[in-house]
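Take a look at the structure set out below.
All heavy atoms count here, side chains included; hydrogens, waters and symmetry mates do not. None of these values were measured; they are calculated from a predicted model.
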Amino acid sequence: MTLRTTRAELGGHEPRAVQKALALLEAVAHLGSGATAKEVAHATGIPPATAYRLLNLLVADGFLVRIDDLSGFALGRRTRELAGDRTGSAAETDYHHIVDDLRTRTRFGVYLVSYSDDRITLVDRDPDHELSGEAALVGHAHASAIGKVLLANRPDTAVLDDLRKFTVHTITDLGALAIELSRVRSSDLAVETDEIRLGRSALAVPVRDEAGRVSGCLSVIGRTGRLSHDDLDLIALVRSSASQIHIPAGG
């Protein structure tokens, strides 16, 4: 753990500061994703001002991340690496370097998805962006950009018997959804704005297998107002990355 600090910043008590930082990490792991600075400080008995300063240092060094709405913290990439969390599917292993390169070139969360047995499976989650509401995303394809790519390309196998309305922006009318999916098919681009969660936007482009069939997607997810569906540079970047990935059918 490097923790970019100086003796002056920590008052000449580096060993104790490291112990406190480790206690903060342990508290976030115990409390779960979204733990607030106040909750972490209370759990560790560390004064709030000190806890907040160390939490920010842990974020800066990649040991913690802030969740999407900035209300709390979650374990970051470096903590997971220290814990030995390097496992993943074949798609994640083979294409991790492509997805990871995309992450270095955008400030949004990047996710690689496969449509195994016509179900949404996240094969590479962004370790630096906590994805809340994953169960809704996986279970209700009509409400997300990721799901729309699946529905647009698997119309015969998709079952739309539960068009749940998550927000006022969720498309639940079958006619309107059919028009939306037709647009996705013609453009090879799916978007969402506040449809599954208020304040969250996303775009997704298809990933294909070796035969050219849609077998997954590559998606970027960010805060509404920051992620723009009209960002042609971002769309081109995601398309370029997706074109380098081939997920086997059913994989």
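- A salt bridge is absent between Arg183 and Asp188: the closest approach of a Lys/Arg side-chain nitrogen to an acidic carboxylate oxygen does not fall below 4.0 angstrom.
- Hydrophobic cluster membership is shared by Leu174 and Leu181, with clusters built from Ile, Leu, Val, Met, Phe, Trp and Tyr side chains linked at under 4.5 angstrom.
- Of the charged side-chain nitrogens involved, none lies within less than 4.0 Å of a carboxylate oxygen, so that Asp128 and Arg103 do not count as a salt-bridged pair.
- Taking a 6.0 Å sphere around CD of Glu26, one finds it holds 12 or fewer heavy atoms contributed by other residues, nucleotides or ligands.
- For Phe166 and His140, the ring centers sit closer than 6.0 Å to each other.
- A salt bridge is defined here as a Lys NZ or Arg NE, NH1 or NH2 lying under 4.0 Å from an Asp or Glu carboxylate O, and Glu134 with Arg125 meets this definition.
- Nearest heavy-atom pair across Leu163 and Leu177 is CD2-CD2, 4.1 Å.
- Annotation for Lys165: atom NZ counts as buried by contact number, over 12 foreign heavy atoms lying within 6.0 Å.
- The main-chain N or O of Ser132 is found under 3.5 Å from a side-chain atom of Arg200 such that the two form a donor-acceptor pair.
- The two atoms that bring Pro206 and Val214 nearest to each other are CB-CG2, 3.9 Å, heavy atoms only.
- Atom NE2 of His169 has more than 12 neighbouring heavy atoms from other residues, nucleotides or ligands inside a 6.0 Å radius.
- Lys148 and Glu195 are joined by a salt bridge, as a carboxylate oxygen and a charged side-chain nitrogen come within less than 4.0 angstrom of each other.
- Residues Phe108 and Ile221 come closest through the heavy atom pair CB-O, 3.5 Å.
- One hydrophobic cluster, built from ILVMFWY side chains closer than 4.5 Å, cannot hold both Tyr52 and Leu25; they sit in different ones.
- Closest heavy-atom contact between Glu192 and Ser144: OE1-CA, 3.2 Å.
- More than 12 heavy atoms of other residues, nucleotides or ligands sit less than 6.0 Å from atom CZ of Arg239.
- A side-chain donor-acceptor contact under 3.5 Å links Thr224 and Asp194.
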